[in-house]
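When a ligand or atom number is given, it counts from 1 through the structure's own listing order. Basis for what follows: all heavy atoms, side chains included, without hydrogens, waters or symmetry-related copies.
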Amino acid sequence: MVNRITELLRKMSIAEKIAQLSQLSADYFQEDGVTLTGPTGKQQVTSEELHSVGSVLGISGAERARKIQKNYLQHSRLKIPLLFMADVVHGYKTIFPIPLGLASSFDSELVEETAKIAAKESASAGLHAIFAPMVDLVRDPRWGRVMESNGEDPFLNGSLATASIKGFQGCVTDRFDENHVAACVKHFAAYGAAEGGREYNTVDMSEWQFRDQYLEGYQRAIETGARLVMTSFNTLFGVPATANEHLMRTILRKELKFDGILISDWNAIGELKEHGVASSQTDAAVKALKAGVDMDMMSFAYFELAQKLEKEGQVPQEIIKLLDESVYRVLKLKEELGLFEDPFRGMDLLKEEENVLTEDNLKIAQKAAEESTVLLENKDNLLPLKPDTKITLCGPLVRERDLLGSWSWKGNTTKNETIADALQNKFKGVTVFDEDLAEGTLDLNVLKQKTADSEVVIVALGLKSYQSGEATSMTKPRLPKKQLNFLKALNETGKKIVTIIITGRPLVLTEVSKFSDALLLPWFPGSRGAEAIANIITGEVNPSGKLPMSFPRDIGQIPLYYNSLRTGRPLTGSDNLDKENKYLSKYIDEENSHLYCFGYGLSYADFKVKKVQLVDKQIAKNGELNLKVEVANESHIDGQTVIQCYTHQCVAETAQPDRELKMFKKIMLKANEAKVIDICIPVTRLAYTHQDLTKKVDCGNYVLYVGFAADTKRKISFEII
Ligand code: GLC
């Protein structure tokens with residue numbers, strides 16, 4: 001492997017080396033069917049540049065990719081194959097729930113399975129690498145890309161990052177197998193903490209908080225072997241990530257020992273000028289190279305540096321060394337993907353037809369949607385509904401085909417069932433009333449007349465796909481006023497109301513929860529989302545989703561997350577005391593608490609933690625907490641639930657949250673079944689970031705909380721000795 005790469009490095013000109021480090025969008029290689037995911041100034045490139053560029057983003061399809069690769073190699077001097085990359089974030093053609101939805105499953109194995117399918121479909125369509133998983137920790141629903149994240153908790157984020165890399169890449173010996181692709185973990189780093197939740201805005205946090213809370217997702221993805229990392233648009237510690245040598249050289253390369261490809265985000269190198277840290281494209285290019293950015297996505301800065309160096313007729317030794325390092329990494333990945341032996345890897349039409357959008361894949365998409373849906377309210381156990389229930393079905397999303405959400409690139413929205421289709425397949429007596437929310441439909445008499453024959457009203461509300469994802473920050477993460485007024489009017493009919501909320505972000509549902517007898521959150525549930533929703537409403541599937549993010553009562557509480565620090569004046573938990581005492585960390589116009597907390601989600605079953613035993617209550621630093629948790633399903637319905645284990649360190653060197661998730665386990669219990677579940681938590685999970693920024697475990701007293709949500713009261717003390 002080294003001989004071929006060393007040989008190529010020896011042969012390559014400076015211009016060819018720099019071209020190998022440049023990535024162009026699909027429209028430079030084809031005209032039709034192009035999805036651009038960033039601003040393009042349609043800058044021209046020469047034919048030499050085009051046919052020595054290292055990679056292309058946003059092209060797929062076995063035939064199309066084969067044609068482009070063939071043409072490219074015909075013009076390429078050194079016949080170095082083109083690398084095909086694209087955003088396959090929650091599925092290629094079989095679209096799974098958005099990652100924030102998948103995170104609600106609290107099921108690492110399921111996430112790995114969906115990633116494996118996404119990889120096989122992508123590889124069968126000629127892709128070599130995908131820009132996923134996104135593991136930015138997010139505590140602000142105003143930020144539209146929260147939909148791509150695993151939510152607010154470092155451990156859940158890290159666990160699902162690991163699962164995603166395993167699924168995307170498989171087990172790579174010296175070669176990727178034909179059903180897997182290289183994964184690009186993004187966006188390094190802390191992009192999800194943009195001030196005000198405003199897209200591309202400044203991120204400014206202490207390095208202590210970054211290391212303690214935000215680093216875990218990236219770290220665990222890299223430990224699992226992620227081959228690429230993408231730089232983020234934002235500043236961190238005062239320097240844009242794409243030029244941040246401390247972040248990239250010290251933390252990423254040295255501490256995390258990442259030796260894969262660091263690719264910029266779209267035009268992020270060029271944007272160093274707008275950030276005010278580069279005077280020109282070539283200055284930006286040099287700063288990015290020094291920070292260790294191996295690939296320039298769509299800024300053309302590296303190309304302009306090549307032109308400048310050519311004009312000057314000499315190349316500083318330092319630049320040559322940086323270029324060789326980066327080109328080596330790019331060629332090494334191409335070698336690992338077997339592209340030198342077979343540049344047409346995965347570009348086989350028959351294989352594509354055999355592996356993409358299969359019924360088996362769609363079945364997993366449906367299972368994922370069922371497990372990702374969170375039941376938030378079910379007053380008087382209204383759900384599940386019997387098949388002979390008379391239903392009025394209404395709301396702006398009841399006939400919506402696009403339940404895929406953002407970043408569902410090749411997902412097809414024409415063939416998916418709508419919520420109306422799926423429910424009409426399940427219930428005999430369904431009348432659909434889906435006029436848009438023109439003022440007239442809010443007239444109570446009209447609504448009473450429309451719902452007169454029904455026992456239950458099911459209303460599908462929420463946001464559209466275009467209101468989610470990149471460049472969709474919202475100052476008011478809540479339902480549109482018209483929808484809330486419609487729900488309020490429906491509630492006045494006196495009928496039982498089942499509200500379905502389609503969304504890519506947590507919304508303020510305080511009013512919605514009051515007007516709903518049952519409240520279901522499928523997020524954007526993907527290709528088989530409607531069928532999943534119907535199966536939950538009929539009870540064929542017992543909902544088991546748990547919230548990966550806290551839901552606020554009011555926008556003013558944002559950012560709201562369960563593991564925030566206690567402060568010196570925390571609430572005492574006694575209503576009277578907390579009301580009387582003015583000088584506490586609280587608001588005068590709203591409660592502190594969430595509307596729905598992290599880890600919360602209802603079931604049709606009735607789960608109880610009957611007993612929690614710690615095998616040892618004094619554990620060595622290199623040991624593990626061994627728990628025996630007796631759980632019972634005191635209902636007549638089988639179901640799944642998630643046992644969650646949180647710990648609190650009573651006294652530490654830095655301020656500590658009231659509790660933090662250290663382990664979770666999804667279990668199935670049959671009707672009236674009780675089980676003792678063994679859970680093991682390595683003591684290393686208790687490590688936190690000390691003042692010297694190292695992460696380690698302290699001896700001392702701790703409290704363990706065990707339950708089905710972050711606000712569980714059941715606790716046991718233990719000691720690390
Ligand atoms: C976008 C996104 C990034 C994506 C890239 C390529 O701007 O920030 O997540 O992978 O461009 O489409």
Salt bridge check: are Glu121 and Lys93 linked by an N-O gap of less than 4.0 Å?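 No, this pair does not count.
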Less than 4.0 angstrom from a charged side-chain N to a carboxylate O is my criterion; do Glu336 and Arg227 meet it? yes
Less than 4.5 Å apart, any side-chain heavy atom of Glu223 and any of Gln219?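 Glu223 vs Gln219: side chains touch.
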Donor-acceptor pairs under 3.5 angstrom involving side-chain atoms of residues 131-140: please list them, not counting sequence neighbours.
| from | atom 1 | to | atom 2 | distance (Å) |
| --- | --- | --- | --- | --- |
| Asp136 | OD1 | His187 | N | 2.8 |
| Asp136 | OD1 | Tyr218 | OH | 2.7 |
| Asp136 | OD2 | His187 | N | 3.4 |
| Asp136 | OD2 | His187 | ND1 | 2.8 |
| Arg139 | NE | Glu152 | O | 3.3 |
| Arg139 | NH2 | Glu152 | O | 3.3 |
| Arg139 | NH2 | Gln213 | OE1 | 2.5 |
| Arg139 | NH2 | Asn563 | OD1 | 3.3 |
| Asp140 | OD1 | Arg142 | N | 2.9 |
| Asp140 | OD1 | Arg142 | NE | 2.9 |
| Asp140 | OD2 | Arg142 | NE | 3.1 |
| Asp140 | OD2 | Arg142 | NH2 | 2.7 |
| Asp140 | OD2 | Gly197 | N | 3.3 |

Distance under 4.0 Å, heavy atoms only, partner ligand 1: which residues pass?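 Near ligand 1, by chain and number: Thr37, Leu57, Asp87, Phe131, Arg145, Lys186, His187, Met230, Phe233, Asp265, Trp266, Met297, Trp407, Glu470.
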Show every side-chain hydrogen bond (donor to acceptor under 3.5 Å, both in side chains) that has at least one partner inside residues 98-119, sequence neighbours left out.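 For residues 98-119, and leaving out neighbouring residues, the side-chain hydrogen bond (donor to acceptor under 3.5 Å, both in side chains) pairs sorted by first residue read Ser104-Trp523.
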Can you list everything that forms a ring-ring contact (aromatic ring centres under 6.0 Å, His included) with Phe155? Sequence neighbours excluded, please.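 Once residues adjacent in sequence are excluded, the partners of Phe155 under the ring-ring contact (aromatic ring centres under 6.0 Å, His included) criterion are Phe664.
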